[in-house]
Amino acid sequence: MIGYAPTRGATVVDVSQTQSYVRAGELLRALAAPVRIAIVTELAANGERHVHELVERLRVAQPLVSQHLRVLRAAGVVRAERHGREIAYSLVDEHVAHIVADAVTHAAEQRP
């Protein structure tokens, strides 16, 4: 822990990594909604998608999908690219896809 006086055998955290921990926490908060996890999973599996495609696939209302995409975009998880009148969303990189896939797999293993 940061600012924690370690006891015998405890691991000491390098305080120089504090900013990385803060950013990691922000990323995990951005992913902390089932719809956002589903969006990341869909983009990882099928690549670039328009909002209407995500709405159809996830069976969630368009305003809700758009709201979650704004959160993911602000967190740097997805990028948006205008294609005519529509905006296509894709993952910024594969790291987040791996985090989400591992979290989903872990959760499935924890529940009978």
Side-chain angles (χ1 to χ4, degrees):
M1 284 188 150
I2 300 168
Y4 168 74
T7 59
R8 186 173 174 215
T11 302
V12 178
V13 174
D14 182 356
V15 180
S16 67
Q17 294 296 316
T18 301
Q19 196 58 29
S20 294
Y21 295 144
V22 169
R23 286 193 304 268
E26 291 167 356
L27 170 64
L28 293 173
R29 274 190 296 282
L31 295 172
V35 172
R36 293 195 288 265
I37 291 170
I39 289 170
V40 170
T41 301
E42 178 66 19
L43 294 175
N46 298 304
E48 185 177 87
R49 291 285 174 256
H50 295 100
V51 174
H52 72 87
E53 293 171 314
L54 292 168
V55 167
E56 289 173 18
R57 180 75 171 133
L58 303 177
R59 299 176 189 212
V60 178
Q62 183 273 325
L64 187 58
V65 170
S66 293
Q67 178 184 359
H68 285 294
L69 285 166
R70 276 191 296 279
V71 172
L72 292 171
R73 191 172 176 195
V77 173
V78 299
R79 70 172 62 90
E81 185 177 319
R82 184 166 290 283
H83 291 191
R85 296 179 62 201
E86 293 189 294
I87 298 175
Y89 291 88
S90 60
L91 294 177
V92 170
D93 62 43
E94 294 299 313
H95 291 110
V96 175
H98 293 292
I99 292 167
V100 168
D102 287 346
V104 170
T105 300
H106 178 74
E109 291 171 350
Q110 298 299 311
R111 308 224 184 240

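Just so it is clear, the structure is predicted and the values come from calculations on it, not from any experiment. Throughout, numbering of the chain's residues begins at 1 and tracks the sequence.
Every residue two or more places apart in sequence or in another chain that forms a side chain to side chain donor-acceptor pair (under 3.5 Å) with E86 is listed here: H52. Applying the side chain to side chain donor-acceptor pair (under 3.5 Å) rule to E56 yields no partners; only residues at least two apart in sequence or on another chain are considered. Every residue meeting the side-chain contact (heavy atoms from CB on, under 4.5 Å) condition with R29, not counting sequence neighbours, appears here in chain and number order: E26.
Side chain of R49 to backbone of A88: no donor-acceptor contact under 3.5 angstrom is found.
For the residue pair V51 and Q62, the shortest heavy atom distance occurs at CG1-CG, 3.8 Å.
Considering only heavy atoms from C-beta on, V55 stays 4.5 Å or farther from L64 through its side chain. Considering only heavy atoms from C-beta on, Q67 stays 4.5 Å or farther from P63 through its side chain.
Cluster membership check: V71 does not share its hydrophobic cluster with V77, using side-chain heavy-atom separations under 4.5 Å among Ile, Leu, Val, Met, Phe, Trp and Tyr. The hydrophobic cluster containing V22 does not contain V96, counting ILVMFWY residues as joined when their side-chain heavy atoms lie under 4.5 angstrom apart, directly or transitively. There is a path of hydrophobic side-chain contacts, each under 4.5 Å, that joins L69 to I87. Both V104 and L91 are part of a single hydrophobic cluster, where members link through side-chain heavy atoms under 4.5 Å apart.
Evaluation of the ring pair (Phe, Tyr, Trp, His ring centres under 6.0 Å) test over residues 69-96, restricted to residues two or more places apart or in two chains, returns H50-H83. Within the structure, the salt bridge (charged side-chain N to carboxylate O under 4.0 Å, His left out) test picks out no pair touching residues 87-106 (sequence neighbours left out).
Atom CD1 of residue I99 and atom CG of residue L27 lie 5.0 Å apart, to the nearest 0.5 angstrom. Note that CG of L54 and CZ of R59 are 14.0 Å apart. Values are rounded to the nearest 0.5 Å.
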Would you give me the side-chain donor-acceptor pairs under 3.5 Å for residues 36-45, sequence neighbours excluded?
| from | atom 1 | to | atom 2 | distance (Å) |
| --- | --- | --- | --- | --- |
| R36 | NE | A30 | O | 2.5 |
| R36 | NH1 | H68 | ND1 | 2.9 |
| T41 | OG1 | I37 | O | 2.8 |
| E42 | OE1 | N46 | ND2 | 3.4 |
| E42 | OE1 | R57 | NE | 2.9 |
| E42 | OE2 | N46 | ND2 | 2.8 |

